[in-house]
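Please read these numbers as outputs of a predicted model, since none were measured by experiment. Below, chains carry the letters A, B, ... as their sequence lines are ordered, and counting in each starts from 1.
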There are 2 protein chains.
Amino acid sequence: MSKPHPLKRTELTEALNNVPVKPSIVATNGGGSAGITAQLRREILDGGYGYSERLPAERALALQFGASRGTVREALRRLEKMNLVSRRVGSGTFVRYRGHADDEDIAQLTSPLELIDVRLVVEPQMARLAVMNANAQDLQRMLEALTVVERAQDNVEDFSRGDETFHLALAESSRNPLLLWLYRHINEVRRHTQWNARKDKILTATRIAEYNQQHRELYTAIASRDIEHAVRAITGHLEKARDDLMGVEKE
Amino acid sequence: MSKPHPLKRTELTEALNNVPVKPSIVATNGGGSAGITAQLRREILDGGYGYSERLPAERALALQFGASRGTVREALRRLEKMNLVSRRVGSGTFVRYRGHADDEDIAQLTSPLELIDVRLVVEPQMARLAVMNANAQDLQRMLEALTVVERAQDNVEDFSRGDETFHLALAESSRNPLLLWLYRHINEVRRHTQWNARKDKILTATRIAEYNQQHRELYTAIASRDIEHAVRAITGHLEKARDDLMGVEKE
DNA sequence: ATTAGTTGAACCAATCTAGGACCATTAAGG
DNA sequence: CCTTAATGGTCCTAGATTGGTTCAACTAAT
């Protein structure tokens, strides 16, 4: 079931009692259960405890924090509510939080193809919402980004930046803050992914022209409030990008 | 000299209150409740106290500011009127001003409805990929989460945690690291969103049973590699959640 | 003199904490 | 198998801490 403990039970306990508090913080924050909750939460989120690692026993934590066991239990109860730890009678309290890879790591784990797969899910919905919710200012911003990206027909870097701005303007036009927030994160990955290495091979002058044509088609569809057209445009755009990517992949 | 044993509550509190007056300003500005209000206000707005952090007790603040408790109370009363703090008898005075942390911010800006809209886009794709890519271990993890969540038919908290775990297992089964990464971020928001406040009204025993039925249907579909069925199941599940949410909204 | 603000004190009710006892479960070893 | 120790779960009581309230006295400005 669960992985065996590295130490025998008694040895483990003794070790816990001798060793200093793991978080090296002792009396920084408020001394209530809220403060203990905050300290442990931070420690877990920062990766001080790995996934499914066992926390010190409640009685040990009480000693370490200089609080009563009841107070520690209150803190652990909150952590359990946050789904950060799970507790088993007779066993202990275990971390139930897989630290997520940060932006750098996720960019390395994500292939350009997987990135486009995700964009192929998110962006059509952005387009749909944009048709419904975009206001004059949003359209203006998209138009500006469009003209910028169209002007960069022969410069890979310029096109790349402009393309990012245009799609971001699309995200903003959806008027869904969560969707925008998500797309910003996706964009971060996009900026770090290995796609950048192949940009020069993919972004020929011909393809840039084709992409820009699709950009304008998308903008026109949104400005004229044509949902079907907009979704077709963005979907076609991304599918073409995917096909171009796969074509280069084979070389 | 140094005590081998932890501090008692009294000593601990004294230590915390004696050590650093957080606003390094003490009696510079003109005494009076107005001056104290201004100093505390500035301290809170500058992020010296994080969200939901506890301020020193009134009696401690009185000492620190060299004023009487009544004066401090007047200052706190004004801060309360400004919606910067909230006070609870027996507990303390807590900051209610959300600094501009990213996650907190987006949680505040995102309505539960918008959250489901986004999930309605992401999760069907997760299901699709899960049908194609889930391995035995993924299915095992989903099944475990499923049994856990099914066992919590009458406890809102247990169901809530279990539901989160199940959907996270679904995300993992998609085998797309970027999608998983995205869903973890969505989950962060879900954890903070105002939905939590209405959980108790929405999650009746009847609805929990219905949700669990849909969970199992989804799992069965994925285990038997039926894409259409899986997408229908997850879509129906989220649409029902949205409808339930809107139903409560009207009350 | 009046007025508004401050002070210091005492007490109240709500809340939290310390500290302990006992239980059921789990894990390790005999 | 049984024994033993450790763990989380539960319940309790006494006491400490906190914000809420009231009141009489003091101060300074009008």
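Residue-to-nucleotide proximity on DNA chain C shows that, of A:S68 and B:A67, the 5′-proximal contact is made by B:A67. Of the two residues near DNA chain C, A:V72 and B:E74, the one whose nearest nucleotide lies more 5' is B:E74.
Closest to the side chain of B:T71, out of C:dT7, C:dA14, D:dT7, is C:dT7.
For A:R59 against C:dG19, a side-chain-to-base donor-acceptor contact under 3.5 Å is absent. A donor and an acceptor atom never sit less than 3.5 Å apart when one is taken from the side chain of B:R88 and the other from the base of D:dG20. Side-chain to base pairing of A:R69 with D:dG8: one donor and one acceptor N or O lie within less than 3.5 Å of each other.
The number of heavy atoms from other shown groups lying within 6.0 Å of CZ (B:R242) is above 12.
If you measure from atom CG of B:L76 to atom C1' of D:dT18, you get 12 Å, rounded to the nearest angstrom. Distance, A:F65 CZ to C:dA18 P: 13 Å, rounded to whole Å. For the pair B:F94 CZ and C:dA14 P, the computed distance is 17 Å after rounding to whole Å. In this structure, the CZ atom of A:R77 is 12 Å from the C1' atom of D:dC11, given to the nearest Å. Here D:dA6 presents its P atom at 19 Å from CG of A:L55, a figure rounded to the nearest Å. Regarding B:R54, its CZ atom lies at a distance of 11 Å from the P atom of D:dT17, rounded to whole Å. At whole-Å resolution of the value, CD in B:E58 and P in D:dT21 are 11 Å apart. Summarising the geometry, the separation between CG on B:N155 and P on D:dG9 is reported as 14 Å, rounded to the nearest angstrom.
In terms of phosphate contacts, B:R73 brings a side-chain nitrogen or oxygen within less than 4.0 Å of OP1 or OP2 of D:dG20. Contact annotation: B:T93 side-chain N/O to D:dG19 OP1/OP2 distance is under 4.0 Å. Contact between the side-chain N/O atoms of B:S91 and the OP1/OP2 oxygens of C:dA14 is not found at any separation under 4.0 Å. Put simply, A:R87 has a side-chain N or O that comes within less than 4.0 Å of OP1 or OP2 on D:dG9.
When the local axes at the two ends of the helix from C:dA1-D:dT30 to C:dG30-D:dC1 are compared, using 5 base pairs at each end, they differ in direction by 30° after rounding to 10°.
In terms of the side-chain hydrogen bond (donor to acceptor under 3.5 Å, both in side chains) criterion, B:T220 has no residue partners (sequence neighbours excluded).
Taking 4.0 Å as the cut-off between side-chain N and carboxylate O, A:E188 and A:R184 do not count as a salt-bridged pair. With respect to the salt-bridge test (charged N to carboxylate O, under 4.0 angstrom), the residues B:R141 and B:D138 qualify. For the pair B:D158 and B:R151, the salt-bridge criterion is not met [side-chain N within less than 4.0 Å of a carboxylate O].
Looking at heavy-atom distances under 4.0 Å, B:G92 makes contact with sugar-phosphate atoms alone, never a base.
Relative ring orientation between B:H237 and B:H167 is described as parallel, the plane-to-plane angle staying below 30° on a 0-90° scale split at 30° and 60°.
The two residues A:L178 and B:E114 make their nearest non-hydrogen contact at CD2-O, 4.4 Å.
With B:F94 as the aromatic partner, B:R87 does not meet the cation-pi criteria of under 6.0 angstrom to the ring centre and within 45 degrees of the ring axis.
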